*Asks:* 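Please find one structure pasted underneath; my questions will follow.
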Amino acid sequence: MSKVLQSRINPSEYENEIYEKWLTSKIFHADEKSSKPPFTIVIPPPNVTGSLHLGHALDCTLQDILSRYHRLNGYEVLWQPGTDHAGIATQNIVEKELIKEGTSKNEIGREKFIERVWKWKEESGNNIINQLKKLGCSCDWDRLRFTMDDGLSDSVKTVFVKLYNEGLIYRSNYMVNWCVRCNTAISDLEVEFAETDDFMYHLRYPINDGSGDYVEVATTRPETFFADTAVAINANDERHQNLKGKSVILPIVNRVIPVIEDDFVDTEFGTGIVKITPAHDPNDFVVGKTHNLEMPQCIDLNGKITVGTADEFDGLDRYDARKKVVEKFRELSLLGEIVPLKHNVGKCYRCSTTIEPMISLQWFVDVKDMAKEAVKSVKNGDMRIVPSTWDNTFYDWMNNIRDWCISRQIWWGHRIPAYYCDDCNEIMVSVDTVTKCSKCGSSNIRQETDVLDTWFSSALWPFSTLGFPEETETLKKFYPTSVLVTGFDILFFWVVRMMMMGLKVMDKAPFKDIYLHALVRDEHGNKMSKSKGNVIDPLVTIEEYGADALRFTLTILAAQGRDIKLSVNRIEGYRNFINKIWNASRFVLMNCDDVALENKAELDLSKLVYEDKWILMQLETACKKVAKAMTNYSFNEAANELYQFFWLNFCDFYLEIIKPRLHSGDEDEKRIAINTAKYVIEKSMIALHPFIPFITEHLYGKFTDAETICFEEYPSNLDFKFDDESFMVQSAIDIINSIRNIRGEHNIAPSKGIEVFFEATDPKLNIMIETLSKMIKNIAKVDDIITDRKPDTEAVTVIGTGYKVMVVLDDLINIEDEIARLEKELKTLEKDHNIYGGKLKNENYLAKAKADIIEKDKEKFEEICSKMKTIKDTLVGLKSK
RNA sequence: GGACGCUUAGCUCAGCUGGGAGAGCAACGGCCUUACAAGCCGUGGGUCGCAGGUUCAAUCCCUGCAGCGUUCACCA
């Protein structure tokens with residue numbers, strides 16, 4: 001590789017090449033036999049159907065930062081990758097393909113269909129993996145797992161059997177959310193509520209006492225009336241005392257149903273009379289149970305009406321039936337008002353079809369006790385949620401958790417390891433295939449056709465991927481994992497279920513920390529969506545700006561507890577930072593001789609000059625702040641610290657300041673300067689590497705003969721003791737800024753040299769100016785700094801802390817303007833003077849404030865006084881002219 | 001309805017246990033200074049949502065209010 005760099009960065013020239021290098025040299029491989037302390041992250045497995053979006057990009061960038069950071073800090077890092085089979089989502093995709101081909105899953109049958117899904121998975125399931133590589137993810141790809149591979153299937157079966165044997169998994173007829181399109185039950189979490197414009201229909205049921213009176217019930221779902229088995233009133237409702245003990249007649253089907261009394265009926269709402277349909281409404285189901293009502297169904301699994309007694313409705317779609325029922329009631333003069341109503345309707349989260357509450361025989365996990373254990377673990381600190389604002393939400397949800405419906409009536413997924421004997425009805429649950437009934441010996445056995453909820457297998461992910469149920473070395477070394485990084489949107493779907501399963505199955509919480517990050521939105525805070533056309537495609541972005549730029553942008557914007565508002569503009573801005581690093585390196589490389597480039601920079605502390613010591617102190621401070629930020633997962637702070645350090649301190653100041661030394665002709669002087677610069681770059685590359693891995697690896701290879709940057713030591717333990725020198729340089733920077741300010745304000749051409757008069761009011765600065773005058777002169781383009789006399793004509797003056805600088809201009813300065821400017825400055829100072837002066841006279845303050853605060857304020861006050869005096873003196877001088 | 005969060009410069013936001021109001025972008029003025037115009041130098045701009053309270057001291061802690069947002073539960 002050539003050491004010469006172009007002046008503009010082109011990430012595509014090196015990113016792929018670098019990644020290939022990492023792969024071939026097995027940099028990311030985690031060794032279970034290593035003696036280093038383990039650091040483990042399991043990736044939230046993306047769906048095999050997925051394509052990389054910004055959510056993944058953020059999620060994986062943060063995980064990669066943590067992985068690389070810990071590698072640099074001496075940990076044996078395992079970032080465990082994998083993908084999720086995503087039951088319903090994947091099945092839907094393949095089903096659509098079949099329909100396009102003019103066939104269907106039912107036509108080809110279960111076995112062929114599953115074969116087909118596997119084929120699809122082999123062909124396109126690795127898309128997302130390849131996309132993660134583009135981002136630079138340092139996963140141990142040799143350990144890539146899939147939720148349906150053999151090992152993980154064993155895990156699933158083992159855990160299922162364990163929980164079944166402990167009585168925590170049971171089978172029951174219960175009200176579930178049924179998707180009539182996907183033809184499966186889904187869990188409560190998988191139902192999304194959407195506000196919908198609808199109508200409230202008032203229906204009249206004749207009272208069964210020959211009086212000709214009727215009761216009026218209100219419903220949004222008239223089509224369910226076929227399955228009504230009661231109408232309910234509140235026993236305390238004055239209006240309906242006459243209905244107690246009576247019954248009513250369901251019109252059309254002419255079935256008699258009782259009037260029952262139940263507290264759940266709200267006397268304030270509607271007519272105070274509720275139709276009860278236990279089979280198609282969760283609340284009514286509860287009422288039905290308490291009153292022992294029959295629970296006939298009138299809607300089948302496909303959403304079609306089935307009532308044996310009203311043929312004209314049979315087979316109608318539920319919405320068509322609704323219209324027809326309303327019409328029929330109208331014909332019978334039993335229709336009351338129809339009132340428009342906005343309410344929330346549950347939809348399937350995979351296909352948005354309206355959910356039908358349905359009673360069916362399903363498998364459930366009793367999670368109450370497991371939830372308690374998880375809560376305990378968070379409360380006692382075994383697990384920590386970051387940011388902790390999620391704690392309450394977590395507790396609240398866990399305390400109200402309901403049993404988890406885990407069976408799905410689809411084909412793609414882990415088939416439930418339960419077997420039924422057709423002869424004696426015995427149910428057997430087993431890891432191994434059952435061929436013979438354990439009770440009656442019959443071989444008339446069939447396996448449960450339902451599969452498990454996708455989230456059941458992902459709940460086991462932190463240990464199933466590491467080898468469970470085998471007690472592998474990997475499992476021993478890397479479980480429990482260190483931190484889980486994911487979006488808060490799957491806290492309940494996934495995170496809490498991993499917590500419960502980890503504690504239950506492994507007896508240990510699956511991770512120590514849970515870092516929940518926010519969502520990525522567009523620059524105005526809107527959700528990105530194809531229909532809005534505001535989607536930023538990470539792959540396109542990587543192509544144009546490089547993975548490093550995308551990563552750095554996401555990281556620096558990832559403040560805790562707030563959504564990320566991303567724009568291409570921002571990415572471009574941070575691409576410029578990458579370019580800055582590139583050019584700074586280019587500059588240093590140009591000035592290094594070949595010998596220097598063969599080795600890592602070693603500092604000879606005795607030979608360093610002031611600015612060298614200053615930049616080293618700046619480096620040290622920055623790295624320490626990064627280390628601190630990283631322990632709190634404050635990624636944005638860490639990135640910002642490095643950004644400021646590298647660009648402002650190192651590039652804008654240090655590299656500018658050493659230029660004269662590089663061109664002085666003195667080889668020794670040059671070597672020390674460039675060696676320090678090289679040292680700082682090397683350390684900066686390591687410090688930046690977790691955030692922007694590609695360019696740092698690339699450049700590190702140019703500066704040193706190291707094979708890779710990935711295992712260098714993170715520079716968080718630097719300990720230079722150059723406080724005095726650093727202070728001196730800091731003062732010089734102040735003075736330089738003052739001079740630059742005069743130049744800028746008065747439009748003095750940068751190329752034009754000037755004379756500066758310097759007057760110290762703080763004697764310490766006299767030493768400084770003597771020592772550092774060369775540096776100041778160079779960088780501020782000053783011909784001479786005059787300290788032994790005052791200017792003899794009017795000069796522009798800037799008052800700093802402990803000094804003032806004056807510049808005589810070629811053209812006469814406008815004395816009026818200058819006076820006005822100084823008076824304005826004096827006014828601001830007077831304000832501060834009053835604030836601090838008042839404080840220091842306040843006895844309460846002096847008595848109660850901490851000593852160091854008072855000390856600081858005193859210094860500040862003196863500084864203000866001194867500045868004011870200098871300004872006043874200057875004003876007197878100006879006004880006398 | 002419950003819970004949580006947000007409100008700081010024109011925009012997007014930092015500001016972690018109370019004691020100096022900051023960054024990036026945008027704006028404006030000036031620079032082709034041989035690493036970088038994807039750059040350099042400089043400048044302006046904020047009663048830190050409103051009203052109280054605690055404190056010697058509040059952007060920060062407490063209470064109330066307003067606006068916005070997220071989430072959970074959903075009444076026929």
Side-chain angles (χ1 to χ4, degrees), chain A residues 5 7-9 188-189 193 200 217-221 224 231-232 264-266 268-277 281-284 287 343-344 346 387 389-393 395-397 400 488-489 491-492 518-519 523-525 545 549 556-557 559-567 569-570 572-591 628-629 632 634 636-637 640 643-644 648 651-652 655-656 659 663 737 740-751 780-781 832 836 839 842-850 852-854 856-857 860:
Chain A
L5 304 178
S7 72
R8 274 199 182 197
I9 194 169
D188 294 341
L189 272 175
F193 287 90
M200 178 79 92
V217 297
T219 179
T220 53
R221 307 199 53 205
T224 63
V231 294
F264 110 99
V265 179
D266 185 350
E268 307 287 310
F269 191 91
T271 57
I273 307 171
V274 186
K275 70 192 265 302
I276 303 296
T277 322
D281 182 280
N283 290 311
D284 295 1
V287 176
H343 68 149
N344 286 328
T389 46
W390 288 100
D391 286 0
N392 280 338
T393 313
Y395 292 137
D396 198 50
W397 198 78
N400 296 306
F488 63 79
D489 49 329
L491 177 60
F492 300 129
L519 269 32
E523 57 189 309
H524 306 294
Y545 298 101
I556 210 161
L557 296 180
Q560 282 180 15
R562 215 190 258 251
D563 284 345
I564 292 177
K565 289 178 193 158
L566 187 71
S567 68
N569 196 328
R570 279 306 188 92
E572 194 180 313
Y574 292 111
R575 186 274 318 269
N576 294 353
F577 176 55
I578 309 294
N579 191 52
K580 190 73 185 177
I581 295 172
W582 179 265
N583 274 294
S585 304
R586 183 166 166 251
F587 173 69
V588 174
L589 281 174
M590 281 165 57
N591 285 285
K628 193 176 170 217
N632 302 324
S634 300
N636 59 322
E637 281 178 39
N640 193 44
Y643 178 93
Q644 305 282 337
L648 302 184
C651 293
D652 287 351
L655 289 184
E656 289 306 320
K659 278 181 183 172
H663 302 140
N737 286 339
R740 280 177 170 173
N741 169 287
I742 295 174
R743 299 191 84 111
E745 289 292 277
H746 294 86
N747 268 335
I748 302 171
S751 50
K781 285 260 163 59
D832 286 347
Y836 284 90
K839 255 174 128 174
N842 184 331
E843 282 176 26
N844 270 325
Y845 162 79
L846 292 171
K848 291 180 182 169
K850 283 188 219 142
D852 57 322
I853 298 288
I854 298 178
K856 245 166 99 184
D857 284 350
K860 182 95 188 170

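What's counted below: heavy atoms across the whole structure, side chains too, no hydrogens, waters or symmetry copies. What you are looking at is a predicted structure, and each value in this text was computed from that prediction instead of being measured. Naming: A, B, ... by sequence-line order, numbering from 1 per chain.
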*Asks:* Reading RNA chain B 5' to 3', what string of ( ), [ ], | and . shows its pairs, if Watson-Crick and G-U wobble pairs count only when both distances fall under 3.5 Å?
*Replies:* (((((((..((((.....[..)))).(((((.......))))).....(((((..]....))))))))))))....
*Asks:* Would you please name every residue forming a side-chain hydrogen bond (donor to acceptor under 3.5 Å, both in side chains) with Lys628(A), sequence neighbours left out?
*Replies:* none
*Asks:* With Asp857(A), which residues qualify under side-chain hydrogen bond (donor to acceptor under 3.5 Å, both in side chains), at least two apart?
*Replies:* Lys839(A), Tyr845(A)
*Asks:* Applying side-chain contact (heavy atoms from CB on, under 4.5 Å), name anything that partners Ala232(A), two or more places apart in sequence or on another chain.
*Replies:* Ile260(A), Val265(A), Ile276(A)
*Asks:* Roughly, in whole Å, what's the span from CZ in Phe193(A) to P in rG1(B)?
*Replies:* 18 Å
*Asks:* Taking the C1' atom of each, how far is rG49(B) from rC40(B), in whole Å?
*Replies:* 39 Å
*Asks:* Check every atom of rC56(B), rA23(B), rC75(B) against the side chain of Asn842(A) and return the nucleotide holding the closest atom.
*Replies:* rC56(B)
*Asks:* Send over the distance from Asn392(A) CG to rA3(B) C1', rounded to a whole Å.
*Replies:* 8 Å
*Asks:* Using a cut-off of 4.0 Å on non-hydrogen atoms, how would the nucleic acid contact of Asn747(A) be classed: base, sugar-phosphate, or nothing?
*Replies:* sugar-phosphate
*Asks:* Is a side-chain donor or acceptor of Arg743(A) paired with a backbone partner of Lys781(A) at a separation under 3.5 angstrom?
*Replies:* yes
*Asks:* In the 5'-to-3' direction, what one-character label does each nucleotide of nucleotides 35-42 of chain B receive under the scheme B = base within less than 4.0 Å of a protein heavy atom, S = sugar-phosphate only, - = no such atom?
*Replies:* BB-BSSSS
*Asks:* Rounding to an integer number of angstrom, what distance separates rC75(B) and rA66(B) when you compare their C1' atoms?
*Replies:* 30 Å
*Asks:* Could you check whether Lys850(A) gets within reach of a base, just the sugar-phosphate, or nothing at all, counting any heavy atom under 4.0 Å?
*Replies:* base
*Asks:* I need the CH2-C1' distance between Trp390(A) and rG5(B), as an integer number of Å.
*Replies:* 9 Å
*Asks:* Using the P atoms only, state how far rU8(B) lies from rU59(B), rounded to an integer number of Å.
*Replies:* 15 Å
*Asks:* Looking for any heavy atom pair under 4.0 Å, which part of the strands does Asp281(A) touch: base, sugar-phosphate only, or nothing?
*Replies:* nothing
*Asks:* Quick check for you: among rG20(B), rG24(B), rA23(B), whose closest atom lies nearest to any side-chain atom of Lys860(A)?
*Replies:* rG20(B)
*Asks:* Hey, is the side chain of His343(A) poking within less than 4.0 Å of OP1 or OP2 on rA76(B), counting only N and O atoms?
*Replies:* yes
*Asks:* For Ile748(A) and rU33(B), give me the distance from atom CD1 to atom P, rounded to whole Å.
*Replies:* 18 Å
*Asks:* I need the CG-C1' distance between Asp857(A) and rG18(B), as an integer number of Å.
*Replies:* 13 Å
*Asks:* Tell me every residue that passes side-chain contact (heavy atoms from CB on, under 4.5 Å) with Ser634(A), counting only those two or more places apart in sequence or in another chain.
*Replies:* Gln560(A), Ala629(A), Asn632(A), Asn636(A), Glu637(A)
*Asks:* Using the P atom in both, what is the distance from rC65(B) to rG20(B), to the nearest Å?
*Replies:* 32 Å
*Asks:* Using a cut-off of 4.0 Å between protein heavy atoms and nucleotide atoms, how would you tag nucleotides 9-17 of chain B 5' to 3' with B, S and -?
*Replies:* ---BSSSB-
*Asks:* Taking only the side-chain nitrogens and oxygens of Asn569(A), find out if one of them lies under 4.0 Å from OP1 or OP2 of rC25(B).
*Replies:* no
*Asks:* Reckon Thr219(A) touches a base, only the sugar-phosphate, or nothing at all at heavy-atom distances under 4.0 Å?
*Replies:* sugar-phosphate
*Asks:* Under 3.5 Å, is there a donor-acceptor pair between the side chain of Asn583(A) and the main chain of Asn579(A)?
*Replies:* yes
*Asks:* Pick the P atom in rC16(B) and in rC68(B), then give their distance to the nearest Å.
*Replies:* 28 Å
*Asks:* Yes or no on side chain to side chain contact (heavy atoms under 4.5 Å, CB included) for Val287(A) and Asp281(A), after CA distance, side-chain angles and deciding distance?
*Replies:* CA-CA 10 Å; Val287(A) 176; Asp281(A) 182 280; over 6 Å; no
*Asks:* Would you mind reading off the distance between Lys848(A) atom NZ and rA57(B) atom C1', rounded to a whole angstrom?
*Replies:* 11 Å
*Asks:* Base, sugar-phosphate, or nothing for Thr389(A), non-hydrogen atoms under 4.0 angstrom?
*Replies:* sugar-phosphate
*Asks:* In whole Å, what separates the P atom of rU47(B) from that of rG10(B)?
*Replies:* 8 Å
*Asks:* Asp563(A): what forms a side-chain hydrogen bond (donor to acceptor under 3.5 Å, both in side chains) with it, not counting sequence neighbours?
*Replies:* Arg521(A)
*Asks:* In whole angstrom, give me the gap between the C1' atoms of rA58(B) and rU63(B).
*Replies:* 15 Å
*Asks:* Whole-Å distance between rA3(B) C1' and Trp397(A) CH2?
*Replies:* 15 Å
*Asks:* For rG24(B) and rU43(B), measure between their P atoms and round to the nearest Å.
*Replies:* 13 Å
*Asks:* Among all residues two or more places apart in sequence or in another chain, which pass the side-chain contact (heavy atoms from CB on, under 4.5 Å) test with Thr389(A)?
*Replies:* Pro387(A)
*Asks:* Kindly give the heavy-atom pair with the smallest separation between Thr277(A) and Lys275(A), and that separation in Å.
*Replies:* OG1-NZ, 3.1 Å
*Asks:* Excluding sequence neighbours, so at least two apart, what forms ring-ring contact (aromatic ring centres under 6.0 Å, His included) with Phe577(A)?
*Replies:* Phe552(A), Tyr643(A)
*Asks:* Who passes side-chain hydrogen bond (donor to acceptor under 3.5 Å, both in side chains) against Glu745(A), sequence neighbours left out?
*Replies:* none
*Asks:* Kindly write out the residues that satisfy side-chain contact (heavy atoms from CB on, under 4.5 Å) with Asn392(A), not counting sequence neighbours, or none if the list is empty.
*Replies:* Tyr395(A)
*Asks:* Determine, stepwise, if the pair Val231(A) / Val217(A) fulfils side chain to side chain contact (heavy atoms under 4.5 Å, CB included).
*Replies:* CA-CA 8 Å; Val231(A) 294; Val217(A) 297; 4.1 Å; yes
*Asks:* Just how far, in rounded Å, is P of rA73(B) from CG of Asp396(A)?
*Replies:* 10 Å
